[in-house]
K.L.:
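Submitted below is the structure of interest, expressed as structure tokens.
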Amino acid sequence: MKKHNFGAGPSILPREVIEKTANAILDFNGIGLSILEISHRSKDFQPVLDEAVALFKELLDIPEGYSVIFLGGGASMQFCMVPYNLLNSKAAYLNTGVWASKAQKEAKAFGEVVEVASSKAYNFNYIPKNYSIPSDVDYFHITTNNTIYGTELLKDIDSPVPLVADMSSDIFSRPVDVSKYGLIYGGAQKNLAPAGVTFVIVKNELLGKVNRHIPSMLDYQIHIENGSMFNTPPVLPIYSAMETLRWLKAQGGLQEMEKRNIAKAELLYNEIDRNKFFVGTANETDRSRMNICFVLKPEYAELEADFQKLATERGMIGIKGHRSVGGFRASTYNALTIDSVQALVDCMKEFEKLH
Ligand SMILES: *Cc1c(COP(=O)(O)O)cnc(C)c1O
């Protein structure tokens, strides 16, 4: 039976990317060696990194004056690396979930942190709107997609200070106006590549302005100067990322991705809203196109295990909600096809008929 992979991360990748990665592990570029056993500085690997950077710039239409680097440490490492490099005295954070809170917590070690708004009192089921961004902060940090709660900022906001965004779970899901951001980062394992590589897109002019010593490994400028090869980069995930970016380009780029992601999200949200057993957990205006969270209505709560069982029988994988929200979460990343969403919708309809 076909498996429909709705896992939140590490998550579904295009089959083609997995096959090409498997081939590169067996015999990379026909050189008779595995990509796992050659130097990251070899003439065979360097073009992989170069192409990944070039495709980042092309697909996201990144303006001049920005660098793209690949690092280890996950998005979580960026929670401290961002303030290390950018926070002189004060930074502002929008608290929209667990990841946003963690980013904010790390920044406190480097200076004053202003929480401009928080949706914590409502278990992060919406994204605060009417806040003001102080003009005397070094940057303003947002999380564009809140993977756990299923809320998403679908428009690039304007900020009077450099805007820093954690885009771990919605990068490449829609076109982004990079010029509105000072820095964008994310772990690759949601929409781009296997776990192990983190991407950072940074406006060069923001760097070199803090008055502290930055350890080399945490200094963006060092990684930029060394073309992501200050130390050994995560070679294999970078290879897979390059293949995903090629795939994205061949599919028609980010406009096409956005179109598909809208269609998938509408299909599932429409069923959640129609079906008498289910209800969405995120406020309608802030619903994520990447992580769709829903629960059984309180009067049917005791049927949760029944739905989980039926969904598993029908091939659904990874739809159990995060423990802090409960219920179900269907992640509909780029590589997930609308057929899989239709299969979940059919399963919800079947469940309705059975009960
Ligand atoms: C998964 C996730 C993270 C954590 O990423 P790691 O690479 O595991 O550190 C951070 N932010 C968001 C929005 C995420 O979805």
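Both ligands and their constituent atoms are indexed starting at 1 by order of listing.
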K.L.:
At less than 4.0 angstrom from any non-hydrogen atom of Ser169, what atoms of ligand 1 do you find?
P.N.:
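Listed by number with element, the hits are 15 (O).
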K.L.:
List every atom of ligand 1 that sits less than 4.0 Å from any heavy atom of Thr143, numbering the atoms from 1 in the order shown and giving each element.
P.N.:
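Under 4.0 Å from Thr143, ligand 1 has these atoms: 13 (C).
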K.L.:
List ligand 1 atoms under 4.0 Å from Gln189, heavy atoms only on the residue side.
P.N.:
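Counting atoms of ligand 1 from 1, those under 4.0 Å from Gln189 are 5 (O), 6 (P), 7 (O), 8 (O).
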K.L.:
Determine whether the side chains of Asp346 and Gln342 contain a donor N or O and an acceptor N or O closer than 3.5 Å.
P.N.:
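A donor-acceptor contact under 3.5 Å links the two side chains.
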K.L.:
Checking the N or O distance criterion of under 3.5 Å, is ligand 1 in contact with Ala75?
P.N.:
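Indeed, backbone or side chain, Ala75 has an N or O that close.
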K.L.:
Considering only protein heavy atoms, which is closest to atom 11 (N) of ligand 1, and at what distance to one decimal place?
P.N.:
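The closest one turns out to be Asp166 OD2, 2.6 Å.
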K.L.:
In terms of side-chain geometry, is the basic nitrogen of Arg246 or Glu243 positioned less than 4.0 Å from the acidic oxygen of its partner?
P.N.:
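A salt bridge links Arg246 with Glu243.
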K.L.:
Please work out whether any backbone atom (N, CA, C, O) or any side-chain heavy atom from C-beta onward of Ser168 is under 4.0 Å from ligand 1, and answer side chain, backbone, both or neither.
P.N.:
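Answer for Ser168: side chain.
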K.L.:
Scan Lys264, Lys259, Glu258 and name whichever one has a side-chain hydrogen bond (donor to acceptor under 3.5 Å, both in side chains) with Asn261.
P.N.:
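Single pass found, and it is Lys264.
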K.L.:
Who's the nearest protein heavy-atom neighbour of atom 9 (O) of ligand 1, and how far?
P.N.:
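Result: Ser76 OG, 2.6 Å.
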K.L.:
Below 4.0 Å from ligand 1: does a non-hydrogen atom of Asn145 turn up there or not?
P.N.:
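Within the 4.0 Å threshold, so yes.
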K.L.:
Considering heavy atoms of the protein only, find what lies nearest to atom 2 (C) of ligand 1 and give residue, atom and distance to 0.1 Å.
P.N.:
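Nearest protein contact, heavy atoms only, for atom 2 (C) of ligand 1 is Lys190 NZ, 2.6 Å.
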K.L.:
Indicate whether any N or O donor in one side chain lies under 3.5 Å from an N or O acceptor in the other, for Asn291 and Asn145.
P.N.:
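Yes, side-chain donor-acceptor contact under 3.5 Å.
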K.L.:
Report the C-alpha distance between Asn270 and Glu266 in whole Å, list the side-chain angles of each, state the deciding distance to 0.1 Å, and finish with yes or no for side chain to side chain donor-acceptor pair (under 3.5 Å).
P.N.:
CA-CA 6 Å; Asn270 284 344; Glu266 272 182 9; 5.2 Å; no
K.L.:
A side-chain contact here means heavy atoms from C-beta on lying under 4.5 Å apart; do Ile292 and Arg287 qualify?
P.N.:
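In short, these two side chains do not touch, never coming nearer than 4.5 Å.
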K.L.:
Looking at Gly74, which atoms of ligand 1 are within less than 4.0 Å of one of its heavy atoms?
P.N.:
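Answer for ligand 1: 7 (O), 9 (O).
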K.L.:
Can you confirm whether the side chains of Gln255 and Arg174 place a donor and an acceptor under 3.5 Å from each other?
P.N.:
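No, no side-chain donor-acceptor contact under 3.5 Å.
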